[in-house]
Amino acid sequence: MGEVAIHWFRKGLRLHDNAGLLKAAKSCSTLIPLYILDTEYLDPKKVGVNRMGFLLDSLKCLDEDLREKGSCLFVAKGKPLEIMDSLIKEFNVKTLTFERDTEPYNKALDEEMTKMAETKHQVEVHSFWGHTLFDPEYLLELNNGKAPLTMTSFLNIASEACNPSKPADAPISLPASPIDFKSKQVDVFSKIPTLSDLAEYGYVPEEKTTWFVAGEKEAIKRMEDFLVQKKRVTTFEKPKTDPTSLVPDSTALSPYISMGSLSVRLFYAKLKEVIASTAHTEPPVSLEGQLYWRELAYLIGFSTPNFNQMLGNPICMQIPWLEGEAAKPLVDNWEKGQTGYPAVDAAMNQLKTDGWMHHLARHLVACFLTRGDLWVTWEMGRDVFEKYLVDADWSINNFSWHWLSCSAFFHEYETEYGPTTFFEKTDPTGQYIRKHVPILKEYPDKYIYEPWTAPRDVQEAAGCVIGKDYPEPMVDHKVVHKDNMGKMKKAYEG
DNA sequence: GCCGCGTTGAATAA
DNA sequence: TTATTCAACGCGGC
């Protein structure tokens with residue numbers, strides 16, 4: 001077999017802009033492209049069926065793309081360290097490459113993996129930053145080791161930094177893989193697994209409902225389709241976007257960027273080409289700015305201890321949220337889309353069926369769960385998002401929940417997203433609700449955001465009686481809102 | 001240690 | 001449709 005190398009795919013499920021893959025390809029005559037399904041995350045309660053299905057589809061596409069280059073993908077299942085340990089021994093592996101990660105679990109895994117491979121097996125290990133525009137260690141260094149906590153200071157640092165490195169092209173060809181690759185010790189799938197292959201963990205293929213089509217080719221096509229819409233790209237301005245749009249946002253790139261089917265550096269480079277020499281919006285509200293927000297979230301997630309919880313988290317406001325058993329029934333109603341507030345329920349239903357929600361819809365439901373209405377800890381909401389979102393992203397998700405719950409970054413707790421008013425601005429006739437909470441679809445416009453205020457005969461005529469066919473509001477917003485405001489004030493003074 | 005700033009609501013007025 | 005005000009203040013940044 002000659003010299004054997006493994007490229008371990010983690011995020012970065014792509015051939016373009018993949019430094020690790022290129023390095024591995026150069027240093028071997030036999031290449032084993034490997035993905036490990038970590039049993040830690042083979043759990044529909046942690047990674048929902050839409051996200052798992054999207055991941056498996058992404059692996060399928062990656063396999064096909066690798067085959068075009070004379071290689072293919074192997075998928076193993078188990079504990080990453082044990083799997084790698086066995087494979088290195090079994091196939092006498094000399095080189096290991098992978099993309100580094102910033103999340104605590106993966107960061108620790110990176111370190112243990114490197115140590116194991118280098119010291120136990122004398123393997124040459126090369127790891128690279130590939131999931132962010134900038135090398136996070138370099139940005140931290142520019143800021144005296146601390147992550148900036150505002151966009152303004154991030155932009156200052158970014159302006160001092162060297163430009164993000166140029167994305168590399170996909171390899172033209174790759175070294176062959178061992179055709180009869182079958183490990184004696186490791187659980188390697190004979191072909192790319194589907195959801196049915198994970199039935200023992202509780203995954204049911206029929207439950208997959210997301211309309212996102214996976215893969216690097218799809219990702220690049222979507223990016224190109226988006227970037228030719230020059231006006232849309234150059235005038236993009238957040239938050240002036242529409243959370244209640246009914247058009248499935250066929251240009252949404254977030255799932256591809258979070259899986260790494262699309263390199264954020266490629267998107268950045270192409271975006272820069274489009275906006276160059278044309279009038280355009282500027283960070284932080286522009287499209288370019290959105291990439292910087294992502295970058296900021298990664299930087300903070302990378303360097304803040306206990307960023308995924310309130311306790312022991314130095315940048316997180318300490319607020320006496322409801323949690324555990326006390327919060328469970330509230331979270332359940334919220335997760336099921338049974339709060340009795342149609343706008344909130346519509347968004348939560350969209351989350352579950354599409355695996356995606358508009359940014360501002362995320363804000364509405366997050367505010368409702370935490371400081372706005374239910375007073376539940378953001379950590380529980382974060383978990384629900386992580387489970388259902390096809391574009392789930394540890395850093396951005398935790399960052400946003402800090403923000404929305406006024407736990408960090410944003411402190412104007414008197415500013416709230418009204419559960420009956422916010423969507424009304426962009427969708428006065430409630431089309432978004434009619435789509436995602438179909439039981440309410442016959443309601444008159446007048447009552448669509450507050451169906452419990454409709455007279456009984458109107459409810460009956462619409463075929464949906466409140467309290468019977470659709471729940472009463474689980475809280476009285478006016479009352480809890482006032483109460484919660486007082487609690488926030490107290491927590492901030494404390 | 002203090003200064004000045006803080007992407008992202010809602011009601012109101014024009 | 002867009003700008004103003006509300007209204008107060010904690011906190012990051014220098």
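Here is how names work: the chains are called A, B, and so on, in the same order as the sequence lines, proteins then strands, and each is numbered from 1.
Residue-environment remark: CD (Glu325(A)) stays at or below the threshold of 12 foreign heavy atoms within 6.0 Å. The local environment of NZ in Lys60(A) is sparse, with at most 12 non-hydrogen atoms from other residues, nucleotides or ligands closer than 6.0 Å.
When both distances must be under 3.5 Å, the Watson-Crick or G-U wobble mate of dC11(C) is dG4(B). The base-pairing partner of dT5(C), taking Watson-Crick or G-U wobble contacts with both distances under 3.5 Å, is dA10(B).
For the P atom pair drawn from dC14(C) and dT7(B), the interatomic distance equals 13 Å after rounding to whole Å. Spacing between dG10(C) and dA11(B) at atom C1', rounded to whole Å, works out to 25 Å. Nucleotides dA7(C) and dA14(B) place their C1' atoms 23 Å apart, quoted to the nearest Å.
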Indicate for each nucleotide in nucleotides 4-11 of chain B, in 5' to 3' sequence, whether protein heavy atoms under 4.0 Å reach the base (B), only the sugar-phosphate (S), or nothing (-). --SBBSS-
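Among the protein residues, Met317(A) comes within range of the sugar-phosphate backbone only, with heavy atoms under 4.0 Å from sugar or phosphate atoms but none that close to a base.
Whole-Å rounding puts the Leu155(A) CG to dG12(C) P distance at 18 Å. Lys490(A) has its NZ atom 19 Å from the C1' atom of dG10(C), to the nearest Å. Across the protein-nucleic acid pair, Met488(A) atom CE and dA8(C) atom P stand 17 Å apart, rounded to whole Å. Rounded to whole Å, the distance from CZ on Phe154(A) to P on dG12(C) is 18 Å.
A close approach under 4.0 Å does occur between a side-chain nitrogen or oxygen of Asn156(A) and OP1 or OP2 of dC14(C). At dG12(C), none of the side-chain N or O atoms of Ser153(A) fall inside 4.0 Å of OP1 or OP2 (strictly under the cut-off).
Looking at Tyr256(A) and Phe54(A), their side chains come closer than 4.5 Å, going by heavy atoms from C-beta outward.
Tyr413(A) and Tyr492(A) have their aromatic ring centers within a separation under 6.0 angstrom. In this structure, the ring of Phe236(A) has its center no less than 6.0 angstrom from the ring center of His280(A).
Shown are Tyr298(A), Phe98(A), Phe302(A); of these, the ring-ring contact (aromatic ring centres under 6.0 Å, His included) with Trp129(A) is made only by Phe302(A).
Here CD of Glu216(A) is found 15.0 Å from NZ of Lys221(A). Values are rounded to the nearest 0.5 Å.
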